[in-house]
Amino acid sequence: MAEYTLREMMTIAAARQIRDNDIVFCGTGISMLAAMAAKHISAPGSVIFFETGAIDSLLAEVPMAVADPRVMHWTSVNGSLADAFAFMQNRSTGRQVVGIMGAAQIDRYGNLNSTVIGDYFRPRVRLSGSGGACDVASFVGRTIIFMQHEKRKFVNRLDYLTSPGWLQGAGRREQAGLAAGGPSVVITNMAVMAFDDTTREMYIMAVFPGISPAQVLDHMEFKVDIKRAQTFAPPSAAELAILREKCDPQRLILG
Amino acid sequence: MAEYTLREMMTIAAARQIRDNDIVFCGTGISMLAAMAAKHISAPGSVIFFETGAIDSLLAEVPMAVADPRVMHWTSVNGSLADAFAFMQNRSTGRQVVGIMGAAQIDRYGNLNSTVIGDYFRPRVRLSGSGGACDVASFVGRTIIFMQHEKRKFVNRLDYLTSPGWLQGAGRREQAGLAAGGPSVVITNMAVMAFDDTTREMYIMAVFPGISPAQVLDHMEFKVDIKRAQTFAPPSAAELAILREKCDPQRLILG
Amino acid sequence: MNSDQNKIMDLRTAIRRFVNAGAHISIGGFTLNRNPMAAVYEIIRQRITGLHVYAHSNGQGVDELVGAGCVSRLEIAYAGSGRFAPTCIRFRKAVENRSLAVEDYSNYQMTLRFMAGSMGIPFLPTRSGLGTSIIDKWGFSAELRKTDPKIPNQKLVVMENPLDGWGDADRVVLVPAINPDVTILHVQTADAQGTVRIQGLTFADVEQAKAARCLIVTCEELVEVDVLRAAPDQNQIPFFCVDAVVPVPWGAFPTACYRYYDYDPVYLNQYRQAAIDDERYRTYLEMFVYGVPDHHTLIERVGHRRLEAIKADPQTGYAVNLDRR
Amino acid sequence: MNSDQNKIMDLRTAIRRFVNAGAHISIGGFTLNRNPMAAVYEIIRQRITGLHVYAHSNGQGVDELVGAGCVSRLEIAYAGSGRFAPTCIRFRKAVENRSLAVEDYSNYQMTLRFMAGSMGIPFLPTRSGLGTSIIDKWGFSAELRKTDPKIPNQKLVVMENPLDGWGDADRVVLVPAINPDVTILHVQTADAQGTVRIQGLTFADVEQAKAARCLIVTCEELVEVDVLRAAPDQNQIPFFCVDAVVPVPWGAFPTACYRYYDYDPVYLNQYRQAAIDDERYRTYLEMFVYGVPDHHTLIERVGHRRLEAIKADPQTGYAVNLDRR
């Protein structure tokens, strides 16, 4: 069986979530790598775009930022921030967009904090802030979330709600006035979590090989349903080959 | 003394109103010709632009419409309608804009109708409608208005208020929420009319050679002050030469 | 939203598939420039009726749709074709004999309405129109608006500035978003996937395109994907907004297409002569629209000499010294 | 608004004339691309303080202004420089030790705020942020806002849709317009009059430029007016928006300038190393900012070898196979 790193498995786990014809909103790092991998593996018709306005970039080299000149080469259109976010807020295009994002804290409904740890006015740790994350989470059809599985990150109460997930549960997004979409999966270093269609609460969909649902729970402040947990099918040799040779040969992201 | 047509005199009268560094919003026909003449005569630093988004067009030939391909050649920027109107609504650029416009009806405060004659719902004559006229009249620092001097055109009550002048008089634009600017002069086939700085009511500033203020009043439904009326200085040979040779050699507009 | 790699289809199919009777549509261009005339003539030829048309100053194309009886409702800012028709003649007749329902806005208001639609927001604010009849006179009655879910309950709303007068504005006009069922553009170049490059002024084409549920693009030239990808700064509409790509040389004729050809003064003057008389107008329609199977045949009928006369000069993008009287 | 034919001036003069202590400013670019770094370093060199900075994700330039103590208030969406600094280090220190007042928005909200400023309207609506802390947590207190006429009384306003739910929206967030005293951009080309051509993504530069009361443009290349006039479809900012044109080769260094040069990984990594330690950061400022009279000298100090390494490949617009670890 093929050897692989955890980072590689997480990337493939996200890539498998991307469908053909999705428009994929990417950040930097592992999220961009997942989108590149999906395009080569399962979703050749998917389109990668960036909040900076680059649409369907060639990505001959891995960008180090969403404003990296590498995202501007051989696109369909080089636009602006205003254009990129309007595509997501627009109902017809927005519903086709899947956003890939990360955060410092997540709660049971997939709400995210990427602004501050501790009190907003007396921060223990100040983070980068929303960037486009709040916009994407407000607008698009589906989001895929990357997290490190740690108690201090899977919390009962966020220090700051930067990006809306399912808010306080079923129906709350619509009540708030947000688009119908929301978080689809959370991919961590231990498992893949999903959200219940009726309650919108997080549950364990699959654990990575050698990890037990109980171990996963040990790394979370809140309890989630483990009954649906299956074992994750590890990345295939073919998936790994594409990821390593086509997407990040310099291992800038894979390390 | 130089021979000239009425149309030529009206064009020169408007051209003389344009100052260096004005940004001139133009329609087609005589208004465009006035702006072109001003640029060659008294206001070399003035900028001609069109609602279609063309900024500082070269105008080697007279355009037949504001979307004529002739406005797109050798500009500073070829933009869009959204760009053009935003420049006018924007306070810093808008206050530098002088708009040249015409209409079917005008009232004593320089409000204009270019939409309908008769009842809006049972029109006797349907006209083109606002186009950009309402926008320009709402936004810019100054407007210059071309009219034919006829009783049915200088009316007590407009059938439809398409483009705001001074509305119901002093202070009313500000109360309505419009920009501080407003109509500056009205140039007709008989005279040049201005608006009183305190009452904002129309008065006769100058009559064309051979025309008396009384004759002008005979062509209006409402009375205006004639005490300030002077006689208009006819176009000079130099002004006429530029207008005829540089601006409209084919006499597409001058006829 | 459509990511197919090849969206090329013929005009008849595209119009049949996307433009149904009673559809809400908008067309690109401005007065006598870059109207999608081939598509307009095909709509007339297919005798599609009851259209609800959204226009700023779309000019010639709108007047021909109105003249042929395809349009029942029109939201518009300006009905004119420059010096050739200060007021579009068939439009004027239709409004005066009350066979056409009209709602008046300004050009900027219509532009903002398309922009709001493209941005996925319910309205955009402006200071344009405060104190005018555009605010109080509603061409579509409140009753009609309440009964038709496809149009907003209000023509527009005047609102006090909720930000305590921020931006030196006490009051704003909110104009409602438009999301047409279909927008039709004619552009200079597109590729099979649908990426669009417009040359010269874009008017409100980009906003109209992004606001629409379906987008038909007719183009002068179909180019390889690589041609557009090599200089993406010059492209305006990404392929996933486009549903049909229809190569139609002379597709804007008799209006202009910058850098390709000028408007045809002969055609536009003949049109005006025909438009003022109902009988002559019927003859015009028979000869130039119903009487030809497609745009290519119309162009052949116009003839090589006139086409040569309006061909664009490569330096300026228009026909230098064209006789435009 | 300024129609002078020649707006060329040197950077020292432009900054001295337009950027005063306490000014409200915005800078162009995004994270590690096309930040007007020469201008940023000149502001630091002139020891201008008390700046109120508006940023979406302006990255490196903002962190250096904050690090040098020029900024007292910051309205921002994202403080990061891509992989080199997921959170800008001097920004983080300044917020944690509460020497910097911060107001948080999203990138789209900040973009819309500049757009509203450019359009001359008090606000723009969006659905972004409903239900989040961005709505309830105000970095600038209502008291502070009431006392300072240069900032709006509200961070933002959540409003029911006055168009009876039109556009499938019950509620919108209204974000207030921004009109900076001055915006500073670095672009690829400009002419003496001020017409600007940006290559590659424009980010929010155009909105920031048109929203500003004064606009300083630094450019890689000063070109003849005719060069830009021959292809005006590719120009974004008309000359009358521009107050100063400052030719500065390598003016975005150490950030990238598409088609001219890449970002410099060496500089950005050294910066990160310096930024995490106050003592080392002082040394960094002495060596690379206060210690050099102008940007040209900084570029010389960086040296030919590193500049060669980041020169853009003409095909792709970036430095192919650059070692970016």
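Every chain is numbered from 1 and lettered A, B, ... according to where its sequence line falls, protein lines coming before strand lines.
Atom CE in C:Met115 sits 9.0 Å away from atom CG in D:Leu124 (nearest 0.5 Å). In this structure, D:Asp233 CG and C:Gln236 CD are separated by 7.5 Å, a value rounded to the nearest 0.5 Å. To the nearest 0.5 angstrom, C:Met159 atom CE is 10.0 Å from D:Leu163 atom CG.
The candidate with the highest count of non-hydrogen atom pairs below 4.5 Å against chain C, out of D:Pro162, D:Gly167, D:Ala169, D:Gly117, is D:Pro162. For the options D:Pro176, D:Ala230, D:Ala231, heavy-atom pairs under 4.5 Å to chain C are most numerous at D:Pro176. Contact tally against chain C (heavy-atom pairs below 4.5 Å) for D:Ile198, D:Asn179, D:Thr126, D:Asn161: the top residue is D:Asn161.
For D:Pro232, no part lies under 4.5 angstrom from a heavy atom of chain C. Both the backbone and the side chain of D:Gln154 come within less than 4.5 Å of a heavy atom of chain C. Heavy atoms closer than 4.5 Å to chain C are found in the side chain of D:Ile121, but not in its backbone. Interface remark: D:Gln315 contributes no atoms to any contact with chain C (heavy atom separation under 4.5 Å). Residue D:Lys155 does not touch chain C at all, counting heavy-atom pairs closer than 4.5 Å.
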Exercise for review: Decide yes or no on side chain to side chain contact (heavy atoms under 4.5 Å, CB included) for C:Leu112 and D:Met119, but give the supporting numbers first.
Suggested key: CA-CA 11 Å; C:Leu112 290 173; D:Met119 292 167 73; 3.6 Å; yes
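Put simply, the side chain of C:Trp166 never gets that close to the backbone of D:Asn153: no donor and acceptor are under 3.5 Å apart.
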